[in-house]
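Below you'll find the structure, written out as structure tokens, and then a few comments.
These numbers come from the heavy atoms of this one structure, side chains and all, not from hydrogens, waters or symmetry mates.
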Amino acid sequence: MKKIFYKYSLVVLATLVFGCNTLDQEPRSQISTDAAFADPNSAQGAVNGMYNILQGVYEWRVQELSDVAADVSQKVDTWDALINIDEFAVTPDNSEVGDLYAILYRLIDISNAIIANVDDVPGLSDALKNDFKGQAYGLRGIAYFELARFWGGIPGVYGTEGVIIRTEPSIGINESSYATRASLVETYDQARTDLETGLSLLPDTRSGNDLRGRLVKATTRAMLARLHLYLQEYDLAAQYATDVINDANYTLVKPYSDIFNNKNTAESIFEVQFTLTDQSGMRNWYYPASAGARGGTALHEAFYAEISADPLDERHQMTDARTTTSGATVYYPTKWPTANDDNNIQAIRIAEMYLIRAEARVLGTTVKDLAGAQSDIDAIRDRAGLGATTAATENELMDEIIDQRKKEFFAEGHRWFDLIRTGRALTTLSGITRSEGSTTYSLGDADRQVFPFPSKDTQTNTNLEQNNAYK
């Protein structure tokens, strides 16, 4: 697994280069803050370091933790930290939960350093200063969004307390090290403000792989569409989704398999980049040992039955069968096929914008447009090889949207949050079975719709109040 980058360090990592238009930067493992912003080249290295940290967020953690917590994926090995999530029995000392939390704050700390220092870099053009700050604000906004939904909840659905908000670089131990949690609304507001600031500073486009591997205006618009959907602000969700749908850089890719069999297709609004020397981890969790992977995670049998029920649905072709060590037949996604694990990870796809707009058109007030929602759903169904939807009423359309999101984004980390934000988690996640488990599992406790803060953080900072289910 990728090494963990802990928060509050002065280390700035600068190892990634994503495209031909990015300044060359020698790999560095440790440099001081002054050195990180001594000249344009080192400042570019600090920006590269943000994306290096971002890899740890999306290489598998967001996807694996949320889909295993839902009814899409299940654990079929002995990895206790993820089995506990699968069985709704996660604890504050869960190592995988703790690692994601630490990486997100490390990303925030590097973003803060760039925002605070980049204007003083000698010889750096104003255009690059804005670009670097735009990327830092945008990635900080993404980090706060992830922190909010994993550890805080969703306003109006579950939760009132958010996370600790830090907007200054961490230098040693001071009063800010013992901060209290902001409200949940304040946490989402921080994410929104950061994304909006990033939108104002970022360029419209980039050349080569940087268009999808680094933030541009469309990336922040897509994230704002997602954020406003979570906040049930449907007019804004539809507006931002439409802006991205109308951007000629992005389109639904056919066939569905091409999204994952190729890198940086027109489907991807934001694709986290990986290489032979900087590998991703999704394939390792799902693929069997015979394919050179760990195979500790599989699709739930009930989900596989759903996605394979219609033989015309191309999405179930992105699955395969394998046998566990105990002899059980399970199914796994084949979305990340490259055996050397240099698969990119599609963090935001244009398909999501269609389904966000469809949901906004169903549930919104001023944007209510059921025929438009049907059209958006049909764009996704058509790409999957299916006919037009028969859903017509608001309830039918919402059921269809949630069903399409489950099938379209399986193993991509959406399902857990879709169930929570639509109020379906407690009823849907009931009587869940695992192929390797002998009992059924239910979410049951509404307070477990958020994850626990790591015990080492609550012990170090006694002002950090633990979530209710884990006290």
Side-chain angles (χ1 to χ4, degrees), residues 13-28 37 39-55 58-59 107 110-111 114-115 118 121 123-142 195 197-225 240 243-253 258-278 280 338 342-353:
L13 298 169
T15 59
L16 296 184
V17 176
F18 291 105
C20 58
N21 65 326
T22 300
L23 295 174
D24 290 335
Q25 176 69 41
E26 290 299 319
R28 303 181 183 185
F37 301 100
D39 53 50
N41 199 45
S42 57
Q44 176 69 68
V47 173
N48 292 350
M50 287 193 301
Y51 290 93
N52 189 295
I53 299 300
L54 186 73
Q55 285 182 319
Y58 291 113
E59 64 170 342
L107 176 59
I110 292 182
S111 301
I114 291 169
I115 292 166
V118 76
V121 175
L124 189 64
S125 69
D126 288 342
L128 279 178
K129 287 177 182 178
N130 286 337
D131 186 5
F132 290 176
K133 286 188 294 184
Q135 291 179 72
Y137 276 112
L139 290 178
R140 192 174 76 179
I142 290 173
L195 290 167
T197 304
L199 175 60
S200 71
L201 295 169
L202 287 164
D204 287 306
T205 190
R206 301 184 192 277
S207 62
N209 292 340
D210 282 357
L211 172 62
R212 306 179 201 286
R214 290 178 180 263
L215 269 59
V216 293
K217 287 187 184 298
T219 325
T220 54
R221 290 188 180 110
M223 278 301 304
L224 284 163
Y240 282 117
D243 287 345
V244 182
I245 290 169
N246 291 339
D247 190 324
N249 285 313
Y250 313 100
T251 188
L252 292 170
V253 168
D258 276 3
I259 302 168
F260 307 98
N261 290 337
N262 301 286
K263 289 188 174 186
N264 299 307
T265 72
E267 176 84 18
S268 287
I269 302 167
F270 188 38
E271 193 161 307
V272 182
Q273 309 289 300
F274 291 91
T275 67
L276 288 173
T277 57
D278 229 347
S280 57
T338 308
D342 72 333
N343 302 279
N344 284 353
I345 299 298
Q346 296 77 16
I348 313 174
R349 298 200 276 116
I350 190 67
E352 184 183 353
M353 298 300 104

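Put simply, CD on E352 and CE on M223 are 8.0 Å apart, with the number rounded to the nearest 0.5 Å. Taking CZ of F274 as the reference point, atom CD of E59 lies at 5.5 Å (rounded to 0.5 Å). Note: T275 OG1 to K263 NZ = 7.0 Å, rounded to the nearest 0.5 Å. Atoms CG and OG, from N343 and S280 in turn, are 5.0 Å apart once rounded to the nearest 0.5 Å. To the nearest 0.5 Å, atoms CD (Q44) and CG (D131) are separated by 8.0 Å. Separation of atoms OH (Y51) and CG (L107) is listed at 10.0 Å; rounding is to 0.5 Å.
Side-chain atoms of N209 and E271 form no donor-acceptor pair, as typed in the model, at a separation below 3.5 Å. Between the side chains of R214 and N48, at least one donor-acceptor pair of N or O atoms lies under 3.5 Å.
Residues G213 and F270 share a closest heavy-atom pair of O-CE1, 3.7 Å. Listed here is the closest heavy atom pair of N264 and Q273: OD1-NE2, 2.8 Å. Counting all heavy atoms, side chain and backbone alike, I269 lies closest to A218 at CG2-O, 3.8 Å. Considering all non-hydrogen atoms of both residues, V253 and E267 come closest at N-OE1, 3.0 Å. Of all heavy-atom pairs spanning I110 and A46, the tightest one is CG2-O, 4.0 Å. Across all non-hydrogen atoms, the minimal contact from D342 to L276 is CB-N, 3.7 Å.
For R221, the salt bridge (charged side-chain N to carboxylate O under 4.0 Å, His left out) criterion is met by no residue, not counting sequence neighbours. Residues that satisfy the salt bridge (charged side-chain N to carboxylate O under 4.0 Å, His left out) test with R140, not counting sequence neighbours, are D194. When the salt bridge (charged side-chain N to carboxylate O under 4.0 Å, His left out) test is applied to D247, no partner is found at least two apart in sequence or on another chain.
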- Between T265 and Q346, is a side chain to side chain contact (heavy atoms under 4.5 Å, CB included) present by the stated rule, with each step listed? CA-CA 10 Å; T265 72; Q346 296 77 16; over 6 Å; no

- When you look at Y240 and V244, which way does the side chain to side chain contact (heavy atoms under 4.5 Å, CB included) test go after all the steps? CA-CA 7 Å; Y240 282 117; V244 182; 5.8 Å; no

- Task: Start with the C-alpha gap between I114 and F37, add the side-chain angles, then the distance that decides, and say whether side chain to side chain contact (heavy atoms under 4.5 Å, CB included) holds.
- Result: CA-CA 8 Å; I114 291 169; F37 301 100; 4.0 Å; yes

- Task: For the pair I348 and M353, evaluate side chain to side chain contact (heavy atoms under 4.5 Å, CB included) and give the outcome as yes or no after the intermediate values.
- Result: CA-CA 9 Å; I348 313 174; M353 298 300 104; 4.2 Å; yes

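Contact check for F132 versus V121: no side-chain heavy atoms found under the 4.5 Å cut-off. In this structure, the side chains of D204 and V216 stay at 4.5 Å or more apart for every pair of heavy atoms.
Side-chain atoms of Q135 never come within 3.5 Å of backbone atoms of L202 as a donor-acceptor pair (strictly under, hydrogens ignored).
The side chain to side chain contact (heavy atoms under 4.5 Å, CB included) test with K133 singles out one residue from V118, L128, T197, and that residue is V118.
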